[in-house]
Amino acid sequence: MSNRVISMWTGSTRNRVIVIVLTFAATVKLSHSLYRKLRRSRTRSGTMSFAAPPENDAESLRRSRILSSKLYLDVPSSKVPLIYSSTYDIAFLGIEKLHPFDSAKWGRICRFLSMDDVVDKNWIVEPKEATKEDLLVVHTEAYLNSLKKSADVAMIIEVPPVALFPNCLVQQKVLSPFRNQVGGTILAAKLAKERGWAINVGGGFHHCCGGKGGGFCAYADISLCIHFAFVRLNISRVMIIDLDAHQGNGHETDFANDSRVYILDMYNPGIYPFDYEARRFIDQRVEVASGTTTAEYLRKLDEALEVAAHNFSPELIVYNAGTDILDGDPLGRLKS
């Protein structure tokens, strides 16, 4: 099953929707449909505005951390807005293979693109690793401290043997790759603003919120990316289109009742995470049961995009392109 959501376009991004794609699939099929729909919506509702919440001490500190961050790199025009680092891939004495999630897919994707002459490896943008100060933009100090316990990390990534290893090794082999992907997602917003679109080959950790991780997601990169965009890019309207087969309960929790963020989540309700509380904060919920065929999936998606374009006029789209909607994936349980 292919992802067809966002069109890529060139030229000036002035008065256009800008797009970030996360969790890049082995084959990404992009169409013009959403762009056309959103352009029509922007024409109808060009005067729509959303007021930012009043700034308090916590918001002031968040803003200060964002402004002092080093993650917004200046990228030369010789590079394409495709973000990846070899540090993304997780190799931990083979233990990573105990989880069905492919923790080395990011490197393979880039190798496939290079072998097929789609992109030269020298064109790819390499991000910086997110620091603790960067992560504190969304995460609580208590949650970050919990990651200093290997047992807690083992629960989040669902690989019990990790609990037996010294945390210094867990930080190096597991959490550092995640933090590098977080840096990529945050940088993708800046590149999207400059180029009109950007792809982070990794990221999309949509089960993690500010105070809790889970489902192989240790850091809330989507929430971090959006908060950075609010401050550094002067963006106030963001749409999340989450097409991972699992519910994106992390960003839903982080942006509960935040009118600046519109969430379209298309997911299988019969699989993890069964977060009924977070479902209350989905603006547009599209449920696809196990066994849903490609034709039915795409029909529901097209209908959902029409509704989303009518309901909300985004300046930035964060598209979480989960590969588990592909036919035969044991986690998503969808069909061709």
Side-chain angles (χ1 to χ4, degrees), residues 8 18-25 28 65-91 103-114 118-139 144 147 171-206 208 216-233 235 238 240 250-251 316-322:
M8 293 191 232
I18 55 181
V19 180
I20 302 173
V21 181
L22 307 178
T23 313
F24 188 58
V28 175
R65 284 177 168 139
I66 291 171
L67 292 174
S68 63
S69 173
K70 306 300 183 185
L71 294 178
Y72 268 23
L73 306 176
D74 289 327
V75 177
S77 59
S78 59
K79 303 276 189 179
V80 297
L82 177 65
I83 303 169
Y84 166 73
S85 168
S86 60
T87 59
Y88 283 16
D89 299 314
I90 297 174
S103 60
K105 66 179 179 181
W106 307 289
R108 278 201 293 277
I109 289 167
C110 285
R111 286 193 292 274
F112 289 149
L113 293 173
S114 180
V118 175
V119 63
D120 187 291
K121 65 180 182 180
N122 294 317
W123 299 347
I124 296 173
V125 178
E126 186 167 346
K128 286 182 176 291
E129 180 176 345
T131 66
K132 180 180 177 181
E133 285 298 302
D134 295 323
L135 299 171
L136 283 170
V137 166
V138 165
H139 290 291
L144 294 182
L147 299 180
Q171 293 284 335
Q172 176 187 356
K173 296 294 187 179
V174 179
L175 295 179
S176 180
F178 285 154
R179 290 192 294 267
N180 276 281
Q181 294 187 48
V182 170
T185 298
I186 292 171
L187 177 60
K190 177 178 182 288
L191 277 177
K193 178 72 181 267
E194 295 170 351
R195 311 284 186 92
W197 62 274
I199 295 171
N200 183 20
V201 176
F205 303 130
H206 66 162
C208 186
F216 213 82
C217 301
Y219 301 112
D221 67 316
I222 294 175
S223 301
L224 285 159
C225 169
I226 292 171
H227 278 291
F228 269 69
F230 285 157
V231 175
R232 297 283 287 265
L233 304 179
I235 281 172
V238 179
I240 299 172
H251 56 71
L316 171 70
I317 295 172
V318 179
Y319 167 34
N320 191 28

Visitor: Can you tell me if S69 uses its side chain to pair, donor with acceptor, with the backbone of R65 under 3.5 Å?
Guide: no

Visitor: Please determine if K79 and D74 form a salt bridge, counting it only when a charged side-chain N lies under 4.0 Å from a carboxylate O.
Guide: no

Visitor: Should the pair F216 and F178 be assigned to parallel (<30°), tilted (30 to 60°) or perpendicular (>60°) ring geometry?
Guide: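 Answer is perpendicular, since the angle exceeds 60°.
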
Visitor: Drop me the distance from K190's NZ to I83's CD1, to the nearest 0.5 angstrom.
Guide: 10.0 Å

Visitor: Check the pair C208, H139 against side-chain contact (heavy atoms from CB on, under 4.5 Å), reporting the backbone distance first and the verdict last.
Guide: CA-CA 10 Å; C208 186; H139 290 291; 3.6 Å; yes

Visitor: For the NZ atom of K128 and the CD1 atom of I186, what is their distance to the nearest 0.5 Å?
Guide: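 Here the rounded value is 13.0 Å.
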
Visitor: Would you say D89's side chain and G107's backbone share a donor-acceptor pair under 3.5 angstrom?
Guide: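 Yes, D89 side chain to G107 backbone: donor-acceptor pair under 3.5 Å.
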
Visitor: What is the distance from atom CG of L113 to atom NZ of K121, rounded to the nearest 0.5 Å?
Guide: 14.0 Å

Visitor: Once you round to the nearest 0.5 Å, how far does CG of D221 lie from CG of N180?
Guide: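 With rounding to 0.5 Å, CG (D221) is 12.5 Å from CG (N180).
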
Visitor: Measure the spacing between CG of D134 and CG of L71 and express it to the nearest 0.5 Å.
Guide: 4.0 Å

Visitor: Say you draw a straight line from OH of Y88 to CD of E126; how long is it, rounded to the nearest 0.5 Å?
Guide: 8.5 Å

Visitor: For I240, is there any backbone N or O sitting under 3.5 Å from a side-chain donor or acceptor partner on N320?
Guide: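 Judged by distance alone, no pair lies under 3.5 Å.
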
